[in-house]
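Below is one structure, written out as C-alpha coordinates, with a few remarks after it.
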Amino acid sequence: MGATDIEREAVIAAIERVSERLTDEKEHLTDLDSAIGDADHGSNMNRGFRAAREKTAEMDDASPDELVKTVGVTLVSEVGGAAGPLYGGSFMTASAELEDGLTAESTVAFAEAFLEKVKDRGGAEVGAKTMVDALTPAVHTYKKSVEQDDLPPVEALTKAVDACERGVDFTTPIRATKGRASYLGWRSVGHQDPGATSTLFILEAIRETAVEYLGDGDLEADSTSPSVPDEEPTADEEA
Ligand code: ADP
Ligand code: MG
(Lines give C-alpha, C1' and ligand atoms only; values in the text may rest on other atoms or scores of the structure.)
(Ligands and ions follow the chains in the order given, each with its own letter.)
Protein backbone atom coordinates (compact mmCIF):
# COMPACT_ATOMS: atom_id res chain seq x y z
CA MET A 1 0.00 0.00 0.00
CA GLY A 2 1.44 3.37 -1.03
CA ALA A 3 1.48 6.52 1.07
CA THR A 4 -1.62 7.86 -0.67
CA ASP A 5 -3.58 4.66 -0.03
CA ILE A 6 -2.76 4.86 3.67
CA GLU A 7 -3.72 8.52 3.78
CA ARG A 8 -7.02 7.77 2.07
CA GLU A 9 -7.69 4.92 4.48
CA ALA A 10 -6.86 7.17 7.44
CA VAL A 11 -9.22 9.90 6.25
CA ILE A 12 -12.03 7.33 5.79
CA ALA A 13 -11.26 5.98 9.28
CA ALA A 14 -11.37 9.50 10.73
CA ILE A 15 -14.76 10.18 9.13
CA GLU A 16 -16.08 6.91 10.56
CA ARG A 17 -14.74 7.70 14.01
CA VAL A 18 -16.15 11.22 13.99
CA SER A 19 -19.52 9.87 12.86
CA GLU A 20 -19.53 7.21 15.59
CA ARG A 21 -18.57 9.73 18.27
CA LEU A 22 -21.31 12.13 17.19
CA THR A 23 -23.82 9.28 17.29
CA ASP A 24 -22.69 8.43 20.84
CA GLU A 25 -22.95 12.10 21.85
CA LYS A 26 -26.23 12.86 20.09
CA GLU A 27 -28.27 13.14 23.30
CA HIS A 28 -25.52 15.07 25.06
CA LEU A 29 -25.30 17.68 22.28
CA THR A 30 -29.06 17.91 22.05
CA ASP A 31 -29.30 18.50 25.82
CA LEU A 32 -26.75 21.32 25.56
CA ASP A 33 -28.65 22.84 22.63
CA SER A 34 -31.99 22.54 24.41
CA ALA A 35 -30.66 24.78 27.21
CA ILE A 36 -29.63 27.69 24.96
CA GLY A 37 -30.91 26.80 21.48
CA ASP A 38 -33.52 24.67 19.76
CA ALA A 39 -32.41 21.16 20.74
CA ASP A 40 -31.29 20.05 17.27
CA HIS A 41 -27.48 20.18 17.38
CA GLY A 42 -27.10 16.49 18.28
CA SER A 43 -29.39 15.28 15.52
CA ASN A 44 -27.94 17.79 13.04
CA MET A 45 -24.36 16.64 13.56
CA ASN A 46 -25.28 12.99 13.72
CA ARG A 47 -27.32 13.12 10.51
CA GLY A 48 -24.68 15.15 8.67
CA PHE A 49 -21.73 12.93 9.49
CA ARG A 50 -23.69 9.74 8.90
CA ALA A 51 -24.50 10.97 5.39
CA ALA A 52 -20.87 12.02 4.88
CA ARG A 53 -19.69 8.61 6.02
CA GLU A 54 -22.03 6.81 3.62
CA LYS A 55 -20.98 8.99 0.68
CA THR A 56 -17.25 8.80 1.27
CA ALA A 57 -17.35 5.03 1.85
CA GLU A 58 -18.35 4.63 -1.80
CA MET A 59 -15.60 6.89 -3.15
CA ASP A 60 -13.01 4.38 -4.31
CA ASP A 61 -9.72 5.98 -5.33
CA ALA A 62 -10.64 9.42 -4.02
CA SER A 63 -7.76 11.47 -2.62
CA PRO A 64 -7.80 12.81 0.96
CA ASP A 65 -8.76 16.31 -0.18
CA GLU A 66 -11.63 14.98 -2.31
CA LEU A 67 -12.94 12.97 0.64
CA VAL A 68 -12.77 15.95 2.99
CA LYS A 69 -14.42 18.18 0.40
CA THR A 70 -17.26 15.66 0.10
CA VAL A 71 -17.72 15.78 3.87
CA GLY A 72 -18.15 19.54 3.56
CA VAL A 73 -20.55 19.40 0.62
CA THR A 74 -22.62 16.77 2.42
CA LEU A 75 -22.81 18.75 5.66
CA VAL A 76 -23.90 21.85 3.78
CA SER A 77 -26.59 20.00 1.84
CA GLU A 78 -27.86 17.69 4.61
CA VAL A 79 -27.74 19.88 7.68
CA GLY A 80 -29.81 22.97 8.21
CA GLY A 81 -29.20 25.37 11.04
CA ALA A 82 -26.05 27.32 11.74
CA ALA A 83 -23.57 24.55 12.37
CA GLY A 84 -24.08 22.54 9.15
CA PRO A 85 -23.11 25.33 6.75
CA LEU A 86 -20.37 26.57 9.09
CA TYR A 87 -18.68 23.19 9.49
CA GLY A 88 -19.52 22.19 5.92
CA GLY A 89 -18.24 25.37 4.32
CA SER A 90 -15.02 25.07 6.26
CA PHE A 91 -14.42 21.42 5.35
CA MET A 92 -15.07 22.33 1.69
CA THR A 93 -12.72 25.32 1.57
CA ALA A 94 -9.96 23.97 3.80
CA SER A 95 -9.85 20.64 1.92
CA ALA A 96 -7.86 22.42 -0.81
CA GLU A 97 -4.91 22.59 1.62
CA LEU A 98 -4.71 18.78 1.55
CA GLU A 99 -4.25 18.49 -2.24
CA ASP A 100 -0.65 17.40 -1.84
CA GLY A 101 -1.47 14.92 0.91
CA LEU A 102 -1.40 14.83 4.69
CA THR A 103 1.72 16.30 6.25
CA ALA A 104 2.39 18.35 9.36
CA GLU A 105 2.51 21.47 7.16
CA SER A 106 -0.62 20.72 5.14
CA THR A 107 -2.66 19.89 8.23
CA VAL A 108 -1.61 23.18 9.88
CA ALA A 109 -2.70 25.01 6.71
CA PHE A 110 -5.96 23.03 6.76
CA ALA A 111 -6.63 23.96 10.39
CA GLU A 112 -5.95 27.64 9.79
CA ALA A 113 -8.13 27.76 6.66
CA PHE A 114 -10.89 25.95 8.55
CA LEU A 115 -10.93 28.51 11.37
CA GLU A 116 -10.74 31.45 8.95
CA LYS A 117 -13.73 30.19 7.01
CA VAL A 118 -15.87 29.68 10.14
CA LYS A 119 -15.07 33.24 11.20
CA ASP A 120 -15.73 34.67 7.71
CA ARG A 121 -19.04 32.91 7.37
CA GLY A 122 -20.36 33.29 10.88
CA GLY A 123 -18.80 36.60 11.81
CA ALA A 124 -18.02 35.43 15.35
CA GLU A 125 -14.81 36.26 17.17
CA VAL A 126 -13.55 34.57 20.32
CA GLY A 127 -15.87 35.35 23.22
CA ALA A 128 -19.19 35.16 21.34
CA LYS A 129 -19.86 31.71 22.86
CA THR A 130 -19.61 29.65 19.66
CA MET A 131 -17.48 26.92 18.12
CA VAL A 132 -14.91 29.65 17.40
CA ASP A 133 -14.05 29.62 21.13
CA ALA A 134 -13.02 25.97 20.89
CA LEU A 135 -11.51 26.06 17.41
CA THR A 136 -9.28 29.09 17.93
CA PRO A 137 -7.15 27.78 20.80
CA ALA A 138 -7.06 24.34 19.16
CA VAL A 139 -5.81 25.69 15.83
CA HIS A 140 -3.31 28.11 17.37
CA THR A 141 -1.95 25.41 19.66
CA TYR A 142 -1.65 22.90 16.82
CA LYS A 143 0.21 25.41 14.66
CA LYS A 144 2.56 26.44 17.45
CA SER A 145 3.22 22.84 18.47
CA VAL A 146 4.17 21.87 14.91
CA GLU A 147 5.97 24.99 13.77
CA GLN A 148 7.63 26.35 16.91
CA ASP A 149 7.97 23.31 19.14
CA ASP A 150 8.65 20.79 16.36
CA LEU A 151 6.29 18.29 17.94
CA PRO A 152 5.21 15.31 15.86
CA PRO A 153 1.58 15.54 14.62
CA VAL A 154 0.08 13.22 17.24
CA GLU A 155 1.64 15.14 20.12
CA ALA A 156 0.60 18.43 18.54
CA LEU A 157 -2.94 17.06 18.21
CA THR A 158 -2.95 16.05 21.86
CA LYS A 159 -1.99 19.60 22.85
CA ALA A 160 -4.67 20.93 20.50
CA VAL A 161 -7.31 18.71 22.12
CA ASP A 162 -6.31 20.03 25.57
CA ALA A 163 -6.54 23.62 24.34
CA CYS A 164 -9.88 22.87 22.70
CA GLU A 165 -11.20 21.49 25.97
CA ARG A 166 -10.25 24.70 27.76
CA GLY A 167 -11.99 26.62 24.98
CA VAL A 168 -15.16 24.61 25.57
CA ASP A 169 -14.98 25.36 29.31
CA PHE A 170 -14.49 29.05 28.50
CA THR A 171 -17.91 29.13 26.76
CA THR A 172 -19.83 28.26 29.93
CA PRO A 173 -19.52 31.46 31.99
CA ILE A 174 -19.84 33.91 29.07
CA ARG A 175 -22.83 35.50 27.36
CA ALA A 176 -23.67 34.51 23.78
CA THR A 177 -23.51 37.32 21.24
CA LYS A 178 -23.81 35.20 18.05
CA GLY A 179 -26.15 32.46 16.94
CA ARG A 180 -29.44 31.34 18.42
CA ALA A 181 -28.12 31.41 22.00
CA SER A 182 -27.63 35.18 21.70
CA TYR A 183 -31.44 35.58 21.74
CA LEU A 184 -31.23 34.59 25.41
CA GLY A 185 -28.83 37.39 26.26
CA TRP A 186 -27.61 37.06 29.83
CA ARG A 187 -29.68 33.90 30.33
CA SER A 188 -27.14 32.10 28.13
CA VAL A 189 -24.56 32.52 30.92
CA GLY A 190 -23.77 29.28 32.77
CA HIS A 191 -24.41 26.95 29.81
CA GLN A 192 -21.77 25.20 27.73
CA ASP A 193 -21.95 25.92 24.01
CA PRO A 194 -23.09 22.92 21.93
CA GLY A 195 -21.09 23.83 18.80
CA ALA A 196 -17.86 24.27 20.77
CA THR A 197 -18.55 20.88 22.31
CA SER A 198 -19.06 19.14 18.96
CA THR A 199 -15.79 20.72 17.78
CA LEU A 200 -14.04 19.01 20.70
CA PHE A 201 -15.65 15.63 19.88
CA ILE A 202 -14.60 15.91 16.22
CA LEU A 203 -11.05 16.83 17.16
CA GLU A 204 -10.82 14.01 19.71
CA ALA A 205 -11.97 11.52 17.08
CA ILE A 206 -9.36 12.85 14.65
CA ARG A 207 -6.67 12.52 17.31
CA GLU A 208 -7.69 8.95 18.06
CA THR A 209 -7.45 8.13 14.35
CA ALA A 210 -4.01 9.73 14.18
CA VAL A 211 -2.89 7.60 17.13
CA GLU A 212 -4.23 4.53 15.35
CA TYR A 213 -2.25 5.30 12.19
CA LEU A 214 0.88 6.99 13.54
CA GLY A 215 1.15 5.48 16.99
CA ASP A 216 1.37 7.60 20.12
CA GLY A 217 3.99 10.27 20.73
CA ASP A 218 6.70 7.76 21.62
CA LEU A 219 6.42 5.77 18.42
CA GLU A 220 6.41 8.97 16.42
CA ALA A 221 9.57 10.17 18.17
CA ASP A 222 11.30 6.89 17.30
CA SER A 223 10.51 7.26 13.63
CA THR A 224 12.45 10.53 13.49
CA SER A 225 15.65 8.65 14.32
CA PRO A 226 15.38 5.51 12.20
CA SER A 227 19.16 4.92 12.20
CA VAL A 228 19.10 4.08 15.90
CA PRO A 229 18.40 0.35 16.19
CA ASP A 230 15.82 -0.84 18.68
CA GLU A 231 17.49 -1.62 21.97
CA GLU A 232 17.59 -5.18 23.14
CA PRO A 233 15.25 -5.70 26.06
CA THR A 234 17.12 -5.49 29.34
CA ALA A 235 17.22 -8.43 31.73
CA ASP A 236 14.70 -6.58 33.90
CA GLU A 237 12.18 -6.21 31.10
CA GLU A 238 12.57 -9.84 30.12
CA ALA A 239 11.96 -11.08 33.61
P1 ADP B 1 -28.93 26.25 15.05
O2 ADP B 1 -28.39 27.20 16.07
O3 ADP B 1 -29.27 26.92 13.78
O4 ADP B 1 -30.02 25.39 15.60
P5 ADP B 1 -27.07 24.10 15.57
O6 ADP B 1 -27.91 23.86 16.78
O7 ADP B 1 -26.80 22.92 14.73
O8 ADP B 1 -27.72 25.25 14.68
O9 ADP B 1 -25.68 24.72 15.99
C10 ADP B 1 -25.55 25.62 17.05
C11 ADP B 1 -24.08 25.97 17.22
O12 ADP B 1 -23.61 26.66 16.08
C13 ADP B 1 -23.82 26.90 18.38
O14 ADP B 1 -23.68 26.17 19.58
C15 ADP B 1 -22.56 27.63 17.98
O16 ADP B 1 -21.39 26.96 18.44
C17 ADP B 1 -22.57 27.54 16.48
N18 ADP B 1 -22.83 28.85 15.90
C19 ADP B 1 -24.01 29.48 15.78
N20 ADP B 1 -23.86 30.67 15.18
C21 ADP B 1 -22.54 30.82 14.93
C22 ADP B 1 -21.72 31.84 14.32
N23 ADP B 1 -22.25 32.96 13.83
N24 ADP B 1 -20.39 31.62 14.24
C25 ADP B 1 -19.85 30.48 14.71
N26 ADP B 1 -20.55 29.49 15.27
C27 ADP B 1 -21.87 29.65 15.40
MG1 MG C 1 -29.79 24.26 17.32
Side-chain angles (χ1 to χ4, degrees), residues 15 18-53 71-94 110-142 160-161 163-206:
I15 295 165
V18 169
S19 169
E20 272 158 25
R21 183 70 192 273
L22 292 171
T23 299
D24 291 346
E25 305 284 359
K26 187 176 153 193
E27 302 298 323
H28 181 182
L29 291 172
T30 289
D31 286 349
L32 293 175
D33 198 32
S34 64
I36 54 171
D38 56 354
D40 64 354
H41 191 59
S43 50
N44 283 348
M45 296 305 291
N46 183 50
R47 188 176 65 254
F49 264 92
R50 245 170 211 258
R53 177 184 180 169
V71 170
V73 172
T74 308
L75 292 180
V76 170
S77 67
E78 297 278 333
V79 184
L86 284 169
Y87 276 125
S90 283
F91 277 114
M92 276 170 71
T93 304
F110 173 84
E112 286 189 290
F114 193 100
L115 171 61
E116 269 321 298
K117 186 71 186 172
V118 169
K119 291 172 73 177
D120 273 3
R121 238 182 197 231
E125 290 292 330
V126 166
K129 197 180 183 99
T130 71
M131 61 176 77
V132 171
D133 296 341
L135 261 177
T136 303
V139 170
H140 289 186
T141 299
Y142 185 63
V161 165
C164 190
E165 222 168 334
R166 290 193 291 276
V168 171
D169 292 341
F170 165 73
T171 64
T172 303
I174 63 176
R175 179 174 67 100
T177 54
K178 284 282 175 194
R180 208 175 277 277
S182 67
Y183 307 158
L184 292 179
W186 290 101
R187 279 183 290 140
S188 64
V189 168
H191 299 282
Q192 184 175 310
D193 180 63
T197 310
S198 60
T199 293
L200 175 63
F201 296 152
I202 292 169
L203 191 58
E204 279 178 345
I206 291 171

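Remember, it's a predicted structure, so these values are computed and weren't measured experimentally. If you read the sequence from its start, that first residue is 1, and numbering goes on from there. Read the numbers this way: they start at 1 and go in the same order the structure lists the ligands and their atoms.
Ring orientation note: the planes of Phe91 and Phe114 are nearly perpendicular, at an angle over 60° on the 30°/60° scale.
The closest protein non-hydrogen atom to atom 24 (N) of ligand 1 is Ala124 CB, 3.5 Å. Nearest to atom 16 (O) of ligand 1 among the protein's heavy atoms is Asp193 OD2, 2.6 Å. Looking only at protein heavy atoms, the nearest one to atom 17 (C) of ligand 1 is Met131 CE, 3.8 Å. Closest protein heavy atom to atom 19 (C) of ligand 1: Ala82 CB, 3.6 Å. In terms of protein heavy-atom proximity, atom 10 (C) of ligand 1 is nearest to His41 ND1, 4.0 Å. Atom 21 (C) of ligand 1 has as its closest protein heavy atom Leu86 CD1, 3.6 Å. Ranking the protein heavy atoms by distance from atom 20 (N) of ligand 1 puts Gly179 CA, 3.4 Å first. Ranking the protein heavy atoms by distance from atom 2 (O) of ligand 1 puts Arg180 NE, 3.5 Å first.
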Could you please spell out the steps behind the side-chain contact (heavy atoms from CB on, under 4.5 Å) verdict for Val168 and Gln192? CA-CA 7 Å; Val168 171; Gln192 184 175 310; 3.4 Å; yes
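Scanning both residues, Leu203 and Cys164, for their nearest heavy atoms gives CD2-CB, 3.9 Å. Shortest non-hydrogen contact noted between Ala196 and Thr171 is CB-CG2, 3.9 Å.
Considering backbone and side-chain N/O atoms, Gly81 never comes within less than 3.5 Å of an N/O atom of ligand 1. For Gly122, a nitrogen or oxygen atom sits less than 3.5 Å from a nitrogen or oxygen atom of ligand 1, counting backbone and side chain alike. Considering both main-chain and side-chain atoms, Asp40 comes within under 3.5 Å of ligand 1 through a nitrogen or oxygen pair.
Taking the Mg ion (ligand 2) as reference, the nearest N/O/S atom within Asp38 carries the name OD1. Closest approach between the Mg ion (ligand 2) and any N/O/S atom of Asp33 involves OD2. When distances from the Mg ion (ligand 2) to the N, O or S atoms of Asp40 are compared, OD1 comes out shortest.
Listed by atom number, the atoms of ligand 1 under 4.0 Å from Asp33 heavy atoms are 6 (O).
Contacts with ligand 1 closer than 4.0 Å are made by side-chain heavy atoms of Asp38 only, the backbone lying farther away.
Counting heavy atoms of neighbouring residues, nucleotides and ligands inside a 6.0 Å radius, atom NZ of Lys119 exceeds 12 of them.
Annotation: side chain of Val18 is not in contact with side chain of Phe201 (no heavy-atom distance under 4.5 Å). Residues Leu32 and His41 fail the side-chain proximity criterion, which asks for heavy atoms closer than 4.5 Å.
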